[in-house]
Amino acid sequence: MMALNSSLLIRHARILQPDREFMIGDVLVQNGVIVQVTPEIAPPFPEDSVTEIDATGLTLLPGVIDPQVHFREPGLEHKEDLFTASCACARGGVTSFLEMPNTRPLTTTQAALDDKLQRAAQKCLVNYGFFIGATAEVLPDLLEAAPAPGIKIFMGSMHGPLLVDQDALLEKIFAQGDRLIAVHAEDQARIMQRRQQFAGITDPAIHSTIQDNQAALNATQLALRLAKQYQRRLHILHLSTAEEVELLRQDKPAWVTAEVTPQHLLLNTSVYEKIGTLAQMNPPLRSPHDNDILWQALLDGVIDFIATDHAPHTLEEKAQPYPNSPSGMPGVETSLALMLTQAMQGRCTVAQVAHWMSTAVAKAYRIPNKGAIAPGYDADLVLVDLNTYRPVLREELLTKCGWSPFEGWKLTGWAVYTIVGGNIVYARGKLHTDIRGRALRFDG
């Protein structure tokens, strides 16, 4: 076990450079920061305690920054908690995450944010940040609570105080301050009307009909209109439909970004038949046509990056008949391997995956010194094996909920080593649970 923040030397890795080219070489890390990236680093080293990793045959990528997760602590720890979720992150090559405010209590005040930050400092193996949640009250901490990557607005698919579905309230939030606003864009009024229309149907596939493409489009149109009216930095969470892509392709101001989940790229309504309510999420899975259009938008840059929307529920909760079954699925453990498998199949490049899952996220949320392998950057890194395929197995998952919608999928690009702040947090199947991440900074 390496001493915390001693020097780390990664040798003979296939290194992804900032210009998206690869180089076989070495990386030297001191005090959690990359100090040298070169074809060969020769001794003598600056100090005695140098931990070496022989990375022959492995590819070195910037650690994944997952910008949308629900880790359930405080208040819902039976589904997941910050320790178990961060263990799953480490296994998945995720070195930082941004977590959402729908915990109990809700993260709508500085005090609630501080509580999460204290919990994370004690429990998290990886780096962390927490959104502040908007409510109908427009609480004073919404604009001031720090550190936070932005404001989260649930325009739909939510109940209780975090549902902000009235145009006047939304406009009030967009009109105040300049903090980034991230929206879950679904039209709550349309969803409620369609729930009544399709009441009594227990086939979970009806979920995609109730919360249809139009519900998503309506809300994204409204958020985009407000962002343009107030020149407000907007991020559209988990984009899911071809119609929303077309809207953004025609009209996407420079201050608007969007993300997509691996689920919406790789799964569609056909999987309800196979895995039932395990396929239920918000916004719902769509058609194969939507899959194709989302992929093209990601490749074109209309969609900026990838997030998992990791939202675990227990198998017992998921086993309830629809509509009593909760929406959401885990994702941090499988996202990188899923996307790298797509790269190895020729759908995109490894460099694009790293851009979508790290570099572009750091840029959008103004997280300094993350998302690249270069001197001066934080040593948040993942070494992956692109030559070995292994299936997603329920018994190997570290998320507390213990299941995955991708169970049985054979994937490559699994993390072999995950490094957080220069410390090895995961190595060849073994977690180092004494490592702790740090609170992320957001510059601007």
Side-chain angles (χ1 to χ4, degrees), residues 68 70 79 100 102 152-167 170 183-224 236-247 258-294 307-331 403 405:
Q68 194 198 169
H70 302 264
K79 301 175 192 278
M100 290 298 165
N102 55 327
K152 168 69 181 283
I153 301 181
F154 288 92
M155 297 173 73
S157 289
M158 176 51 72
H159 49 83
L162 284 183
L163 176 63
V164 183
D165 62 344
Q166 302 300 313
D167 288 16
L170 287 164
V183 293
H184 178 129
E186 287 189 279
D187 178 347
Q188 186 69 8
R190 182 175 176 87
I191 291 170
M192 297 307 290
Q193 177 258 317
R194 290 174 72 80
R195 273 187 193 156
Q196 291 180 331
Q197 185 180 340
F198 297 102
I201 299 175
T202 57
D203 178 355
I206 199 68
H207 188 61
S208 294
T209 302
I210 293 170
Q211 296 181 211
D212 66 347
N213 290 35
Q214 190 65 47
L217 179 63
N218 290 354
T220 296
Q221 285 173 325
L222 173 58
L224 186 62
I236 302 160
L237 300 160
H238 43 45
L239 206 75
S240 65
T241 71
E243 290 87 345
E244 289 167 289
V245 166
E246 189 54 36
L247 173 68
E259 71 187 27
V260 66
T261 70
Q263 302 93 290
H264 287 116
L265 292 172
L266 300 172
L267 300 175
N268 53 57
T269 50
S270 68
V271 301
Y272 285 115
E273 206 174 329
K274 300 187 189 87
I275 62 173
T277 53
L278 297 187
Q280 182 187 332
M281 67 175 294
N282 297 329
L285 299 178
R286 308 297 188 186
S287 71
H289 172 69
D290 291 297
N291 293 151
D292 292 341
I293 299 297
L294 291 166
T308 65
D309 193 20
H310 178 97
H313 301 282
T314 67
L315 283 164
E316 290 75 19
E317 289 166 335
K318 278 289 200 178
Q320 296 174 90
Y322 186 85
N324 299 322
S325 46
S327 294
M329 54 181 76
W403 61 273

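Partners of S325 by side chain to side chain donor-acceptor pair (under 3.5 Å), not counting sequence neighbours, listed by chain and number: Q280. The side chain to side chain contact (heavy atoms under 4.5 Å, CB included) check on S287 picks up H289, D290, with sequence neighbours excluded. With sequence neighbours excluded, no residue forms a salt bridge (charged side-chain N to carboxylate O under 4.0 Å, His left out) with K152. Legend: residues meeting side chain to side chain contact (heavy atoms under 4.5 Å, CB included) with P405, ordered by chain and number and at least two apart, are L267, I275, M329, P330, W403. Residues passing the ring pair (Phe, Tyr, Trp, His ring centres under 6.0 Å) test with H70: none are found, sequence neighbours excluded. Under the rule for a side chain to side chain donor-acceptor pair (under 3.5 Å), Q196 has no partner lying at least two apart in sequence or in another chain. Taking T241 as the reference, E244 meet the side chain to side chain donor-acceptor pair (under 3.5 Å) condition, with sequence neighbours excluded. For E246, there are no salt bridge (charged side-chain N to carboxylate O under 4.0 Å, His left out) partners at least two apart in sequence or on another chain. In this structure, the side chain to side chain donor-acceptor pair (under 3.5 Å) partners of S270, at least two apart in sequence or on a different chain, are N268.
Here ring pair (Phe, Tyr, Trp, His ring centres under 6.0 Å) pairs that include residues 189-217, with residues two or more places apart or in two chains, are H207-Y322. The salt bridge (Lys or Arg N to Asp or Glu O under 4.0 Å) contacts involving residues 268-288 comprise nothing, where partners must be two or more places apart or lie in separate chains. Applying the salt bridge (Lys or Arg N to Asp or Glu O under 4.0 Å) definition to pairs two or more places apart or across chains, those involving residues 203-224 are R190-D212, R194-D212.
If you check the side chains of E186 and N282, you find no donor sitting under 3.5 Å from an acceptor.
Counting heavy atoms from C-beta on, the side chains of I191 and Q188 come closer than 4.5 Å.
Using a distance-only test at 3.5 Å, with no hydrogens or angles considered, a donor-acceptor pair links the side chain of S208 to the main chain of L285.
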